[in-house]
Each structure stands twice: as C-alpha cells, then as structure tokens.
Colleague: 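Following this message is one structure expressed as structure tokens.
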Amino acid sequence: HAAALALTDPAKVSGALKGPACAQWLRVRATALWRIGQTNEAVAFTGRVAVEHQQEPLVLLTAAEFLAEAGRLEEEIK
C-alpha cells in the first residue's frame, strides 16, 4: 500500500487528471489510505476530489462507491 500511496501522491501527479484517469486515481489512493489505517484521511481525500471534480459524473460515482463500501456514504452526504 505504501507504493500505491507514493505513486498517487497528489504532489507527484502531473497535470490535472480528468474523467477515468481521475476516477482511477481517486480509487487507488483512497483505498491505499484506508488499508493502512488512515481512514479519516481516505474519506477527506475522497471528499476533496469529489468537490474539485463535481462536474465529472464518473469521479462522483467512484467517490460515492468508495464511501459506500467504507460504510461512510450516508454520513458524508449529510
């Protein structure tokens, strides 16, 4: 999971990701954070990306799916 975090570090991601690439980046980084026990950061990261890409349905769907799988969707949409 450390390798996934290193590869998906927002400071190292070149350019602005959009669409499928952004959705995949969101999924990989949020999952890696969750699996190493940084659950609050995983949820916060997911929320930030969803807000920044609120016009991209695939990114929003990916964020919602991750939060639902983590059991945090209802809490986060309130």
Side-chain angles (χ1 to χ4, degrees):
H1 306 295
L5 285 176
L7 290 171
T8 60
D9 183 340
K12 294 180 181 176
V13 175
S14 60
L17 295 174
K18 300 232 181 261
C22 183
Q24 184 175 14
W25 173 64
L26 165 63
R27 168 64 76 175
V28 170
R29 185 156 183 84
T31 299
L33 287 165
W34 190 270
R35 289 189 178 165
I36 64 167
Q38 293 186 16
T39 56
N40 289 338
E41 178 55 27
V43 171
F45 169 75
T46 301
R48 286 191 304 271
V49 174
V51 168
E52 291 170 9
H53 297 271
Q54 59 187 313
Q55 300 301 320
E56 297 182 58
L58 184 58
V59 175
L60 294 178
L61 177 61
T62 301
E65 287 175 345
F66 173 78
L67 292 171
E69 291 167 7
R72 302 284 291 270
L73 181 61
E74 288 186 30
E75 180 181 325
E76 292 302 311
I77 59 174
K78 288 183 180 179

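Along the sequence shown, residues are numbered consecutively beginning with 1. All values reported here derive from a predicted model rather than from experimental measurement. In what follows, every heavy atom counts, from backbone to side chain, and hydrogens, waters and symmetry copies are set aside.
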Colleague: Under a single-linkage definition using a 4.5 Å side-chain heavy-atom cutoff for Ile, Leu, Val, Met, Phe, Trp and Tyr, are Leu5 and Trp25 assigned to the same hydrophobic cluster?
Modeller: yes
Colleague: Taking all non-hydrogen atoms of both residues, which atom of Ala63 and which atom of Ala50 are closest, and how far apart?
Modeller: CB-CB, 4.0 Å
Colleague: Can you establish whether the number of heavy atoms outside Gln38 located under 6.0 Å from its atom CD is more than 12?
Modeller: yes
Colleague: Hey, could you give me the CZ/OG1 distance between Arg72 and Thr46, rounded to the nearest 0.5 Å?
Modeller: 10.0 Å
Colleague: What closest approach, in Å, do Leu58 and Ala23 show between heavy atoms, and which atom pair accounts for it?
Modeller: CG-CB, 3.8 Å
Colleague: Answer yes or no: is there a side-chain heavy-atom contact under 4.5 Å between Arg27 and Thr8?
Modeller: no
Colleague: I want to know whether Trp34 and Phe45 have ring centres closer than 6.0 Å.
Modeller: no
Colleague: Could you give the distance from CG (Leu17) to CD (Gln24), rounded to the nearest 0.5 Å?
Modeller: 10.0 Å
Colleague: Taking atom CG of Leu60 and atom CD of Gln54, what is their separation to the nearest 0.5 Å?
Modeller: 7.5 Å
Colleague: Between Leu26 and Val59, what is the shortest heavy-atom contact and its length?
Modeller: CD2-O, 3.8 Å
Colleague: So that I can tick it off, tell me whether Glu41 and Arg29 are bridged by a salt bridge, with the cut-off set at under 4.0 angstrom between side-chain N and carboxylate O.
Modeller: no
